[in-house]
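Heads up: the structure comes next, in structure tokens.
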Amino acid sequence: MLSGVGFHAFAQSNAGTPARIEVNFDKTVGPMKPVWAWFGYDEPNYTYMKDGKKLLTEIAELSPGPVYVRAHCLLCTGDGTAALKWGSTNAYTEDENGKPVYNWAIVDSIFDTYVKRGMKPLAQIGFMPKALSTNPEPYQHDWKPGDPYNKIMTGWAYPPKDYQKWADLVYNWVKHSVERYGQKEVESWYWEVWNEPNGYWKGTMEEFFKLYDYSADAVKRALPTARIGGLNIAGTSSPGGKKWLEAFLLHCAEGTNYATGKKGAPLDAVLFHAKGSPKLINGVVRMNMSPQLRDIQTGFKSVLAYPQFKNLPLIVGESDPEGCAACGMATNPSNAYRNGTMYSSYTAATFARKYALADQYGVNFLGAVSWSFEFENQPWFYGFRDLATNGVDKPVLNVFRMFGKMSGNRVEVKSDRMYPLQMVLDSSIRGQQTEIGALASKENKKAAVMLWNYHDDDLQGAAEPVELTLNGINSKKIKITEYRIDREHSNSYEAWKKMGSPQNPDKGQIVALEKAGQLEKMSREPLLEHKKGKTVVKIALPRQAVSLITLEW
């Protein structure tokens with residue numbers, strides 16, 4: 001529960017008056033699904049590079065269950081050289097007679113990296129190999145930050161000149177995966193067709209449905225128990241995005257299948273995208289989570305319109321504060337939030353709302369992909385939307401470490417400083433007061449409470465007192481631990497700035513930055529009081545801070 005139920009919402013507290021949060025551990029709201037344990041990126045060749053492997057290892061370790069990973073360009077033609085918003089595997093070429101030549105070496109090296117770490121591919125079937133493209137030249141783009149975004153739309157974005165050859169490629173890829181990793185392993189993956197066909201597709205809507213039908217049929221022929229979905233539409237709540245999503249659902253439910261001639265198409269998961277919209281106002285970044293959450297709301301509602309789809313897993317295939325991970329703050333000043341604690345506190349506040357929306361609509365919300373990874377051999381803290389820079393973790397990654405410590409069921413939370421869900425959908429979080437909100441979980445004899453102090457305006461602020469009342473723990477012996485992300489804790493960016501922002505840090509500095517990038521435990525336990533059967537925890541939470549209180553008894 002995320003409203004101020006039982007409290008006067010937005011109490012005009014005087015300076016020093018604590019924010020009051022109450023957690024009822026005996027009132028279950030829903031399962032604490034690891035919907036956060038999903039990540040993705042444009043550049044698949046970073047996967048097996050030095051910093052890519054290091055980050056994937058850390059992501060795998062922070063989650064108690066499997067992490068799903070999604071990457072673009074898994075079927076693009078090229079030699080595997082990484083570039084911004086580009087990747088290639090050379091999986092498909094043709095000989096001089098036009099016969100297919102399959103080469104799984106690079107694709108395997110990508111999926112091997114995941115599977116060895118217990119991760120699962122959210123395997124994207126795309127994009128178009130050069131030999132199959134109806135308009136192959138130019139093929140690889142040379143986009144760089146600051147260039148017009150549509151410059152990336154080259155030969156890889158076109159329909160196939162031969163849908164049967166495309167289907168054969170998909171069939172052979174899935175068949176090869178089963179042979180390499182085993183049927184049980186591949187059954188645990190999700191396959192999905194293409195990405196953002198309302199932007200990344202140079203064909204018609206009907207041509208995309210044809211591509212989907214041929215792809216899904218090929219996947220199911222290779223492995224009948226494989227799970228296939230779509231369509232990862234962009235701007236889900238926009239008129240165009242909504243039109244595409246609803247037409248796709250109608251096609252899967254009732255349309256004539258282009259591959260089989262039968263009614264409908266296989267659909268084992270529905271995927272769509274959700275993005276916020278930060279702006280620079282008088283030199284200050286102002287975040288906006290409303291569009292992101294409305295995209296999710298629209299996706300949920302669109303699927304519920306089809307009774308046959310209402311229980312399908314729903315995956316937000318990209319769920320982020322804005323659209324372009326590879327657009328740094330030098331070329332896009334509104335992205336200056338990414339290095340520090342604005343990104344981490346935004347992430348905490350938005351995931352709480354994703355859970356709340358799933359509760360409200362009663363959907364099978366499976367995951368939300370944070371489209372953020374790392375960019376190999378790029379300037380330190382360039383302001384990409386990433387989890388680490390040059391092998392050093394950024395504050396946002398520590399929010400996911402916190403989520404990894406939450407398990408069991410979500411329980412009821414009440415806060416007098418938490419913005420109601422509908423208000424956030426309408427106007428984000430930008431009132432006079434910051435939001436001091438919480439998300440809590442309980443499993444057996446342990447529990448966790450995530451707290452954040454967030455506002456859309458990217459400003460720092462003094463610590464505010466928080467009084468956290470815990471109900472439903474029938475024990476006076478409680479082991480309590482606090483983890484913290486703020487300017488002084490779990491923050492490699494502030495540590496780097498204190499070093500003078502070096503672009504060539506020495507070995508000792510790198511060791512210090514790596515340490516600063518880890519999730520930090522507070523040296524002093526929070527003050528704990530027992531009052532009339534209640535346990536009260538008192539802490540002080542700076543603006544943009546996120547704390548995780550863990551409890552064992």
Please give me the minimum heavy-atom distance between [X] and [Y], naming the atom from each residue.
{"X": "Y454", "Y": "S345", "value": "CD1-OG, 3.5 Å"}
{"X": "C252", "Y": "L267", "value": "CB-CD2, 4.1 Å"}
{"X": "V316", "Y": "A274", "value": "CG1-CB, 3.8 Å"}
{"X": "A325", "Y": "W371", "value": "CB-O, 3.9 Å"}

Apply the test side-chain hydrogen bond (donor to acceptor under 3.5 Å, both in side chains) to residues E435 and W452: give CA-CA distance (whole Å), side-chain angles for both, the deciding distance (0.1 Å), then the verdict. CA-CA 8 Å; E435 169 174 277; W452 57 87; 2.7 Å; yes
Using modelled atom types only, decide if a donor and an acceptor are shared between the side chain of [X] and the backbone of [Y] within a distance under 3.5 Å.
{"X": "S290", "Y": "V424", "answer": "yes"}
{"X": "Y139", "Y": "W156", "answer": "no"}
{"X": "Q360", "Y": "L357", "answer": "no"}
{"X": "S133", "Y": "P129", "answer": "no"}
{"X": "N90", "Y": "G78", "answer": "yes"}
{"X": "T47", "Y": "I110", "answer": "no"}
{"X": "N398", "Y": "R401", "answer": "no"}
{"X": "T134", "Y": "P159", "answer": "yes"}
{"X": "W166", "Y": "L169", "answer": "no"}
{"X": "R227", "Y": "S188", "answer": "yes"}

Residues at least two apart in sequence or cross-chain that pass salt bridge (Lys or Arg N to Asp or Glu O under 4.0 Å) with K275, listed by chain then number, are E318, D320
Contacts of E185 that satisfy salt bridge (Lys or Arg N to Asp or Glu O under 4.0 Å) - sequence neighbours left out: K120
Strictly under 2.5 Å separating the two SG atoms? Check that for C327 and C324, please.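 Bridged: C327 to C324.
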Measure the acute angle between the ring planes of [X] and [Y], then classify it against the limits of 30° and 60° as parallel, tilted or perpendicular.
{"X": "Y181", "Y": "F111", "answer": "tilted"}
{"X": "Y149", "Y": "W143", "answer": "perpendicular"}
{"X": "Y92", "Y": "Y102", "answer": "tilted"}
{"X": "F127", "Y": "H72", "answer": "tilted"}
{"X": "W194", "Y": "W201", "answer": "perpendicular"}
{"X": "W173", "Y": "W191", "answer": "perpendicular"}
{"X": "Y68", "Y": "W38", "answer": "parallel"}

Assess K394 against Y343: is NZ or CZ under 6.0 Å from the centre of the six-membered ring, and within 45 degrees of the ring's axis? no
Is there a side chain to side chain contact (heavy atoms under 4.5 Å, CB included) between F403 and M32? Walk through the geometry before answering. CA-CA 9 Å; F403 279 129; M32 185 69 208; 4.2 Å; yes
Ion pair R70/E192, N-O distance below 4.0 Å: yes
Quick one: do K151 and D147 make a salt bridge, cutoff under 4.0 Å?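 Between D147 and K151 there is a salt bridge, with a charged N closer than 4.0 Å to a carboxylate O.
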How about W244 and H251: are their ring centroids closer than 6.0 Å?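 Not close enough - the centres of the two rings lie 6.0 Å or further apart.
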Step through it carefully: locate the ring centre of F39, locate the ring centre of F400, and say whether they are under 6.0 Å apart. yes
N195/Y200 under side-chain hydrogen bond (donor to acceptor under 3.5 Å, both in side chains): CA gap, chis, key distance, verdict: CA-CA 6 Å; N195 176 68; Y200 279 49; 4.6 Å; no
Please name the residue in the list E137, E94, Q140 that meets the side-chain hydrogen bond (donor to acceptor under 3.5 Å, both in side chains) test with K130.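 Option passing the side-chain hydrogen bond (donor to acceptor under 3.5 Å, both in side chains) with K130: E137.
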Would you kindly say whether [X] and [Y] are connected by a side-chain donor-acceptor distance under 3.5 Å?
{"X": "H273", "Y": "N232", "result": "yes"}
{"X": "Y258", "Y": "E206", "result": "yes"}
{"X": "S372", "Y": "D386", "result": "no"}

Crowding at NZ, K165 (>12 non-hydrogen neighbours, <6.0 Å):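 Yes, enclosed.
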K116 atom NZ: more than 12 heavy-atom contacts under 6.0 Å: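 No, not enclosed.
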Name all residues meeting the side-chain hydrogen bond (donor to acceptor under 3.5 Å, both in side chains) criterion together with Y212; count only those two or more places apart in sequence or in a different chain, and write none if there are none.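 Partners of Y212 under the side-chain hydrogen bond (donor to acceptor under 3.5 Å, both in side chains) test: none.
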Only one of K33, R353, K354, R410 clears salt bridge (Lys or Arg N to Asp or Glu O under 4.0 Å) with D359; which?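 Only one option passes, and that is R410.
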Output, in order, the C-alpha distance, side-chain angles, deciding distance and verdict of side-chain hydrogen bond (donor to acceptor under 3.5 Å, both in side chains) for E374 and Y41. CA-CA 8 Å; E374 65 96 20; Y41 45 101; over 6 Å; no
Spacing of CG belonging to D79 relative to CD1 belonging to I106, to within rounding of 0.5 Å: 7.5 Å
What's the verdict on side chain to side chain contact (heavy atoms under 4.5 Å, CB included) for K242 and I233, showing C-alpha distance, side-chain angles and the deciding distance? CA-CA 8 Å; K242 193 174 178 184; I233 202 68; over 6 Å; no
Take S428 and D456 through the side-chain hydrogen bond (donor to acceptor under 3.5 Å, both in side chains) test and state the conclusion after the steps. CA-CA 7 Å; S428 198; D456 278 353; 2.6 Å; yes
List the steps, then state whether side chain to side chain contact (heavy atoms under 4.5 Å, CB included) holds for R221 with Y171. CA-CA 7 Å; R221 281 189 290 110; Y171 172 84; 3.6 Å; yes
List the steps and the verdict of ring pair (Phe, Tyr, Trp, His ring centres under 6.0 Å) for Y382 and F375. CA-CA 10 Å; Y382 183 74; F375 293 84; 9.1 Å; no
